[in-house]
Number of protein chains: 2
Amino acid sequence: MTETIAIARLPASPRKRNAEATRAAILEAAKAQFALLGYDCAVLRDIAREAGVDVALVKRYFGGKEALFVEALKASFGPDGARDWDRTTFAHEMATMLADSPHVDEARTHRFQFLLRAAISPTTAPLLNVLVHDRFLEPIRQWLGGADADARARVLAASYIGFLVERLIRGDALQGREREVFIERVTAIFAVLVTDIEPQQGRNGPTV
Amino acid sequence: MTETIAIARLPASPRKRNAEATRAAILEAAKAQFALLGYDCAVLRDIAREAGVDVALVKRYFGGKEALFVEALKASFGPDGARDWDRTTFAHEMATMLADSPHVDEARTHRFQFLLRAAISPTTAPLLNVLVHDRFLEPIRQWLGGADADARARVLAASYIGFLVERLIRGDALQGREREVFIERVTAIFAVLVTDIEPQQGRNGPTV
DNA sequence: TCAGCAAGTCAATGGACGTTGACATGAACC
DNA sequence: GGTTCATGTCAACGTCCATTGACTTGCTGA
């Protein structure tokens, strides 16, 4: 009798009891679900199922949905932060990355979807103001440096968000000429923002 | 007895029975709530209360929450569409408008919040792809004209969305020097996009 | 004045979901 | 081997919310 059961167990991994591991599994599943669906649409039962545990453990380990969310949010914005980009190649690299998002650098795209959804939802927005500033705006500001770094960081962040949203809305990848043009223009935009000096006036488009 | 009751009625407006008016009232309340909270967080009871009617009427007039949402979405993107901007002043005007959003041109900000929330929520995104293209991207594309209008329209739309999100996340108004810098840079960005010719290469930031 | 219908009200239903506490089970320690 | 505590399971409960259908009220036309 025991042998047949042992065979039947193969599909479900017989995970050993391990608080740390299950906690981590829940957190990982939560990060994915919250990024994909946002706080309101994500469902604890699904998170638990994805982690291979019971819902009740969410309460045991995190206290509740909101607490889990905050934890997942923090976990998503850990060390990375102020990645040191090369100033001379930044604009082009970022543009290319965005053009190929979300297929390239999936983890990064993922994290920012998370942040974006969190920042926009009226439920979670209040939890976020500090985090957005500390982990997102402030690193950009410091990296930019120069005059009016704060305002420029804001514009840079906003542009970045916009391109990300655009990619989020259209799922398909950019290709061929369209991709090239996208990269060209976006590179030009980031170049405007990285530059310390003010953009020259009178470039308000051709006077038709 | 009747007189005292008549006096007590003052606060609640004794609206006459009027199908068209109540339908309109519901739609108006729905537009506001959906824009403010998004599809998932908006509650039919609140919409009904704001419109001064019973929840059941939502079903009678619109069929259900999703149908009401679609209706509200269409109603929000009616005639406006391809407003004819002056090409020579577009960049600066738009930058200024965004800097002062949402306090100026509140209606416009409102509508785009609506669209944004709708586009991002996984619940409503499927309902939107066509609408976003027809009422948002396509008018921009036509207005832009020139080479690679499609790709440029995409970048323009994305930037616009980004700035809107930034303003949405921070509620407070830009002021003083910060506002000036914001307008300067954003103007430069839009200028890059309105222009038909490709941006000059090599402006990848100072070589430090 | 009365029938008939549209407009509006009310209470109830059913599902989804976060939360909770009682219970079972495995491992570590005496 | 038995005790004990942490880990994991189970079956609810309560709430929120969209939906529904039966009921009431006011208007209109004969």
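Among the protein residues, Ala56(B) comes within range of the nucleic acid bases, having at least one heavy atom under 4.0 Å from a base atom. Among the protein residues, Ala42(A) comes within range of the sugar-phosphate backbone only, with heavy atoms under 4.0 Å from sugar or phosphate atoms but none that close to a base. Counting non-hydrogen atoms under 4.0 angstrom, Val55(A) reaches a base of the nucleic acid.
The listed nucleotides are dT20(D), dC17(C), dC10(C); the one nearest the side chain of Asp54(B) is dC10(C). Residue Tyr61(A) has its side chain nearest to dG8(D) when only dC17(D), dG8(C), dG8(D) are considered. The side chain of Arg17(A) lies closest to dT7(D), out of dT20(D), dC17(D), dT7(D).
Looking at Phe62(B) and Leu27(B), their side chains come closer than 4.5 Å, going by heavy atoms from C-beta outward. Using a 4.5 Å cut-off on side-chain heavy atoms (C-beta onward), Phe34(B) and Leu73(B) make no contact. Residues Leu98(A) and Ile183(A) form no side-chain contact, since every pair of their non-hydrogen atoms from C-beta on lies 4.5 Å or further apart.
Between the CG atom of Leu37(A) and the C1' atom of dG18(C) there is a distance of 16 Å, rounded to whole Å. What separates CD of Glu20(A) from P of dG8(D) is a distance of 12 Å, to the nearest Å. Separating the CG atom of Leu57(A) from the C1' atom of dT25(C) is a distance of 13 Å, rounded to the nearest angstrom. Here dC10(C) presents its P atom at 13 Å from CZ of Arg45(B), a figure rounded to the nearest Å. Nucleotide dA22(D) holds its C1' atom 12 Å from the NZ atom of Lys59(B), rounded to whole Å. Gln33(A) places its CD atom 14 Å from the C1' atom of dC17(C), with the value rounded to the nearest Å. Atom CZ of Arg49(B) is separated from atom P of dC10(C) by 14 Å (rounded to the nearest Å). In this entry the distance linking CG of Leu44(A) with P of dC13(D) reads 20 Å, nearest Å.
Distances shown here put every side-chain N or O of Thr22(B) at or beyond 4.0 Å from the OP1 or OP2 atom of dA7(C). Between Lys65(B) and dA18(D), a side-chain N or O to OP1/OP2 separation shorter than 4.0 Å is present.
The shortest non-hydrogen separation linking Arg154(B) to Leu137(B) is NH1-CD1, 3.3 Å.
Within the 3.5 Å criterion, the main-chain N or O of Val58(B) finds no donor-acceptor partner in the side chain of Arg23(B).
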